[in-house]
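The residues of the chain are indexed from 1 along the displayed sequence. Ligands are counted one by one from 1 in listed order, and the atoms in each one are counted from 1 as well.
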Amino acid sequence: MNPDKLEPWQLPEAQWRAIVERVRAGRSLRPTQWKDGARCAVALSFDSDHETNELRDGGESVSKLSQGQYGNRQGVPRILEVLARHGVKASFFVPAVTALLYPDEQRRVIAEGHEIGVHGWIHERNSVLPREAERELQLRSAETLERICGVRPVGIRTPSWDFSPNTLAITREMGLMYDSSLMADVDCYELLLEGEPTGVVELPVEWIRDDAVYFNMNRFAGLRPHMPPADVFDIFKREFDCAYREGGLFQLTMHPHISGYRSRIWILEELIRYARSHDGVWFATHAEVVRHAKAHC
Ligand SMILES: [Zn+2]
């Protein structure tokens with residue numbers, strides 16, 4: 001304990017304001033309409049964490065690593081088949097270690113017309129890293145993905161959506177077009193760094209629209225999946241319904257090693273079918289959504 005450290009309720013106004021101002025939402029980038037006059041944009045994303053969650057935690061559990069490998073052997077192929085069947089393009093956020101373990105998977109994702117974005121080196125937690133380590137890992141991750149995929153990533157989703165006070169400056173320095181890790185809105189917005197516009201666009205996520213929240217499980221702790229798949233579908237569907245009504249953006253995060261199961265993969269397919277049953281729905285990658293929002297705001 002640092003005896004000189006002030007308790008939160010003792011902080012002077014300038015100090016709590018400075019904390020809040022580090023990284024904030026700036027101007028909204030909500031277009032009046034989407035591509036070709038579409039009413040609603042649907043941006044599906046898949047975080048191909050595979051073995052990296054276990055490795056990040058310093059774990060060496062053969063059992064948990066095998067669950068990660070399922071993401072490559074069964075999860076990604078099932079997802080790609082659904083997307084291909086419906087002609088939908090999506091975004092995959094891939095830790096560099098996943099890409100090194102499974103380069104062919106990444107090349108298939110790119111060959112089938114999807115986007116690959118940065119998702120850390122080994123799914124590290126940015127907020128516990130010294131600035132230089134975070135910067136070096138983020139740069140190395142983008143270079144590794146580019147080398148394997150042949151395409152330079154234009155977006156980043158930080159692992160576990162964890163964000164240090166340095167993350168945004170590093171993202172801007174790398175020239176990335178967008179981040180997709182923060183939650184200040186349902187529409188795209190420009191990120192501010194200490195009150196100044198950065199030019200980096202946020203395509204916001206939310207735990208509500210993330211399969212891991214509902215399905216995660218830990219054998220040796222109290223964590224169990226607490227939602228039947230039909231209820232998870234219902235939440236995602238209601239998020240889409242409201243986005244459609246508002247003429248906004250429906251963004252979703254899924255994980256191949258979590259949703260790529262026989263009893264769950266239908267959620268993705270049914271959501272696509274349901275969205276498709278509406279007029280004026282534009283399915284796009286995160287990069288396409290951000291480019292459109294930037295050009296029309
Ligand atoms: Zn992840």
Give me the ring orientation class for [X] and [Y]: parallel if the planes are under 30° apart, tilted from 30 to 60°, perpendicular past 60°.
| X | Y | value |
| --- | --- | --- |
| Y274 | F240 | perpendicular |
| H286 | Y178 | tilted |
| H292 | H296 | parallel |

Which N, O or S atom name in H123 marks its closest approach to the Zn ion (ligand 1)?
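Among the N, O or S atoms of H123, the one closest to the Zn ion (ligand 1) is NE2.
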Taking 2.8 Å as the cut-off, does H255 contribute an N, O or S atom near the Zn ion (ligand 1), distance below it?
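Checking H255: none of its N, O or S atoms is under 2.8 Å.
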If you measure from the Lys or Arg side-chain nitrogens to the Asp or Glu carboxylate oxygens, is any gap between D241 and R245 under 4.0 Å?
no
Quick one: angle D49 OD1 - the Zn ion (ligand 1) - H119 NE2, to the nearest 10°?
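Nearest ten degrees: 90°.
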